[in-house]
Amino acid sequence: MKNIHKYIAVTFLTLFITACNRDEIAEVNINPSFPTIVEPIFLLPSIQAQMAVGIQFDSRFIGKYTQYLSHATTGDVWDRYGYAASSDSGGEIWKVAYYSIGRNLSNVITEAEKAQRYDIQGMGKVIRAWSWQQTTDYHGEIIKFDQVFTARLTFDYATQQEAYDEVTRLTLEGIADMERTDGKYDISYTKKGDLIYGGDKSKWIKFGYGLLARNANNLINKSTYNPTKVIEYVDKALASPADDCYVKHGGTSTADGNFYGNLRNNLSLYRQSDFIVRAMDGTIFTGAVDPRMANVLVPSADGVVRGNPLNTSAGTVAATRIPNLWGGTTQPVASLTGRYLFRNNADFPLMTYSELQFIKAEAAFIKGDKGMALEAYKKGIEASIDMVNKNTIVSTVYPTASVITPAQKTAFLADVNVVPTAANLTIKHIMMQKYVALFGFGFLETWTDMRKYHYDNTVYETIAFPSLFANNNSKLAYRVRPRFNSEYVWNFVALQSIGADKPDYHTVEMWFSQP
């Protein structure tokens, strides 16, 4: 009995000492080589890299919905506006939002606030808002914001309207954080991790307003659509191509190379479509051959630029075979430089001044101010041409490339079939030139536009559709199903509540595109 009492006394003493020295013991257990809390600035590079990867990975699928890209052979389900069942194909944007940048971004926001680094806190909120915008525009309903990044094992879904409202709220909050004049803002500190804008919070504020412009302008079919507000947002956003938002790539290996480069070999079976060719070769713009075509698209061996229709073989005849986006017809050749944004070291645009000017042109056109619309439309084309030049590597060997000269640029803009008078400007002009300008990077924004206009062939002139996937029930795609391995495997009951268990769920129209 005495031994039992002694044992109990020692046990209580041990527990008491442990409780009293918890902080000291915690400090002993910290390994400085593997910290449990990382300064938020050092999480930003991987977060920013993933922002590009999500879009690039999934562009291989929605690039076919937008008819920028076509598979080199027939029978591809995405060419037919379908989907790959029981597969994570098309699930990278979801993965980026909830995994690749998910908790890391939450840590950035929380730890930056503690450290009074309000610029980084605001930047984190804007990036989070950007990720929600991407995810909802791609998938529709997304996980409820008060449930995400919690210990729950299953998650309910927020409506797309709730997602749009959250993007607006979070972006405005992030902008307000970055506009604070207190705290510890130091651009030399922030630029250590901000590889996009080098710690310049004024440019991140502009990016935030650009995101608000996208968000508000996607709602043209709603009675609440406010073109004046859209124009206000654009005017506070990127002020010139110098503000364009690029994710940088070193291009020295597969580790730091552009997802689109031949080192990564992700595009060998993809071809430029016939629709993007018609948008640039004078078919749609009545004989006006776009000077960007020679630098952005790839000619066949005989020098003619051809595009592959969806669900069609690219052919095998050497002279007329449609090359891949690097300029080859087989597996990637390491010696190929690549073209435009399809290079190993090409930086990837997340948002451009050109895109925002087309948004302004569309809003002004709907508002009824054709003079403003024409001015913004012309600026959008000019900035796109300058962007192509910036991303052109001059080459005298096949496929050749040279910068667009001022004379070529002037002649194209002077062609009334491209830039008409204000009175003759149409929504087709605006949306088709925006379509051209976003080729190679703005896949999701273009698909959002197409769905806003319900694939209208008076806007997207000459667009044609192949025999559709069987599960489509003769309907075009309006959304991509949530990621298979994280939702259909673990969260299926919640998916049933939004109808995502149905085989034609991908054809259900989005909230943003409805009246």
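Taking the centre of each ring, Y455 and Y478 come in below the 6.0 Å mark. Ring centroids of F342 and W326 are separated by 6.0 Å or more, keeping the two rings apart. Aromatic pair Y435/W447: centroids not less than 6.0 angstrom apart. Remark: aromatic rings of Y118 and Y185 are distant, center separation not under 6.0 Å.
Panel note: side chain R264, backbone G261; no donor-acceptor pair is recorded below 3.5 Å. For the pair N258 (side chain) and L341 (backbone), a donor-acceptor distance under 3.5 Å is present. Proximity of a side-chain donor or acceptor of T190 to a complementary backbone N or O of I187 within less than 3.5 Å is not detected.
Residues I143 and Y157 have side chains in contact (heavy-atom distance under 4.5 Å, counting atoms from C-beta outward). When side chains are defined from C-beta on, K206 does not count as touching K236, because their heavy atoms never get closer than 4.5 Å. Side-chain contact between M51 and Q134: absent, with no pair of heavy atoms (C-beta onward) separated by less than 4.5 Å. The shortest side-chain heavy-atom distance between N344 and H249 does not fall under the 4.5 Å cut-off.
Annotation: the span from L195 atom CG to L44 atom CG amounts to 8.0 Å, rounded to 0.5 Å. Rounded to the nearest 0.5 Å, atoms NE2 (H139) and CZ (R481) are 11.5 Å apart. Note that the OH atom of Y353 and the CG atom of L238 stand 9.5 Å from one another [nearest 0.5 Å]. To the nearest 0.5 angstrom, Q272 atom CD is 9.5 Å from L69 atom CG. Atom CZ of F484 and atom CH2 of W94 lie 14.0 Å apart (nearest 0.5 Å).
For the pair D182 and R180, the salt-bridge criterion is met [side-chain N within less than 4.0 Å of a carboxylate O]. A salt bridge does not link E355 to K434: none of the charged nitrogens lies less than 4.0 Å from a carboxylate oxygen. For K390 and D244, the salt-bridge test fails: no basic side-chain N is under 4.0 Å from an acidic carboxylate O. In summary, R451 and E509 do not engage in a salt bridge, as defined by a charged side-chain N under 4.0 Å from a carboxylate O.
The ring-ring contact (aromatic ring centres under 6.0 Å, His included) search around F441 returns none, not counting sequence neighbours.
Other residues, nucleotides and ligands contribute at most 12 non-hydrogen atoms within 6.0 Å of the OH atom of Y99. The number of heavy-atom neighbours closer than 6.0 Å to NZ of K248, taken from other residues, nucleotides and ligands shown, is above 12.
Note: Y377 and H429 have perpendicular aromatic rings, judged against thresholds of 30 and 60 degrees for the angle between ring planes. Using a 30° and 60° split on the angle between ring planes, F149 and Y98 fall in the tilted class, from 30° to 60°.
One side chain, N218 or Y164, offers a donor N or O that lies under 3.5 Å from an acceptor on the other.
Within the structure, salt bridge (Lys or Arg N to Asp or Glu O under 4.0 Å) contacts touching residues 94-103 (residues at least two apart or in different chains) do not occur.
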Requested in this report: Apply side-chain contact (heavy atoms from CB on, under 4.5 Å) to R479 and Y138, showing your working.
Outcome: CA-CA 6 Å; R479 63 179 69 211; Y138 192 51; over 6 Å; no

Report task. Under the side chain to side chain donor-acceptor pair (under 3.5 Å) rule, what do S89 and S87 come out as? Steps first, then yes or no, please. Result -> CA-CA 5 Å; S89 295; S87 165; 3.0 Å; yes

